[in-house]
Amino acid sequence: MINILLFAHLQEVVGASQLSVDLSNVTVAQVKEWMEQHYPQLTLQQMMTAINEEFATDTTIVKSGDTIAFIPPISGG
């Protein structure tokens with residue numbers, strides 16, 4: 001089981017700020033694919049990702065008990 005934290009418009013699309021998902025020993029890319037399959041309106045390919053509050057790449061392994069956060073790009077003016 002992993003915890004997924006969602007911010008900004010991702011929360012609006014999913015309808016929650018956090019999900020608990022029965023996945024483990026998968027890559028970040030596989031978690032993104034799972035999310036996009038279950039929430040087709042999401043596009044996570046350009047999102048920054050953190051696991052347990054440390055930045056991660058698409059090849060990083062997510063283990064049971066980890067918290068993964070998808071961080072949308074921030075724009076300002």
Side-chain angles (χ1 to χ4, degrees):
M1 186 77 68
I2 63 171
N3 294 309
I4 301 172
L5 302 179
L6 304 164
F7 301 97
H9 75 280
L10 301 177
Q11 286 182 6
E12 294 171 18
V13 170
V14 173
S17 61
Q18 182 174 339
L19 298 172
S20 291
V21 179
D22 192 16
L23 293 173
S24 64
N25 297 319
V26 294
T27 64
V28 168
Q30 289 171 309
V31 175
K32 287 179 179 180
E33 289 173 17
W34 184 93
M35 289 290 295
E36 289 173 347
Q37 287 176 351
H38 287 81
Y39 302 95
Q41 57 277 46
L42 289 181
T43 303
L44 299 173
Q45 298 313 312
Q46 300 301 317
M47 298 285 163
M48 295 291 295
T49 306
I51 298 174
N52 301 327
E53 298 183 8
E54 295 198 17
F55 285 109
T57 66
D58 280 350
T59 60
T60 304
I61 301 294
V62 183
K63 299 178 183 116
S64 182
D66 283 350
T67 297
I68 184 169
F70 293 115
I71 306 160
I74 299 171
S75 62

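- In this structure, Leu23 CG and Ile4 CD1 are separated by 6.5 Å, a value rounded to the nearest 0.5 Å.
- Note: Lys63 NZ to Ile68 CD1 = 12.5 Å, rounded to the nearest 0.5 Å.
- By the criterion of side-chain heavy atoms lying less than 4.5 angstrom apart, applied directly or through intervening Ile, Leu, Val, Met, Phe, Trp or Tyr residues, Ile71 is not grouped with Tyr39; the two fall into different hydrophobic clusters.
- The minimum heavy-atom distance between Ile51 and Ile61, with the atom names listed, is CD1-O, 4.1 Å.
- One distance of note links CG of Leu6 with CE of Met35; it measures 5.0 Å at 0.5 Å rounding.
- Hydrophobic cluster membership differs between Met47 and Leu5, with clusters built from Ile, Leu, Val, Met, Phe, Trp and Tyr side chains linked at under 4.5 angstrom.
- The two atoms that bring Asp22 and Met1 nearest to each other are N-SD, 3.8 Å, heavy atoms only.
- The CE atom of Met48 sits 10.5 Å away from the OG1 atom of Thr57 when rounded to the nearest 0.5 Å.
- The distance from atom CG of Leu44 to atom CH2 of Trp34, rounded to the nearest 0.5 Å, is 11.0 Å.
- Separating the OG atom in Ser24 from the CD1 atom in Ile2 is a distance of 8.0 Å, to the nearest 0.5 Å.
- Taking the side chain as every heavy atom from C-beta outward, Thr27 and Thr60 never approach each other to under 4.5 Å.
- Other residues, nucleotides and ligands contribute over 12 non-hydrogen atoms within 6.0 Å of the CD atom of Gln41.
- In this structure, His38 and Val21 have side chains that are not in contact, with every pair of non-hydrogen atoms separated by 4.5 Å or more.
- Residues Asn3 and Ser20 share a closest heavy-atom pair of OD1-OG, 2.8 Å.
- Pairing each heavy atom of Gln45 with each of Asp58, the nearest pair is OE1-OD2, 4.5 Å.
- Nearest heavy atom pair, residue Phe7 against residue Pro72, reads O-CG, 3.7 Å.
- Applying the ring pair (Phe, Tyr, Trp, His ring centres under 6.0 Å) test to every pair with at least one member in residues 40-70, sequence neighbours left out, gives no pairs at all.
- Closest heavy-atom contact between Lys32 and Thr49: CE-OG1, 3.6 Å.
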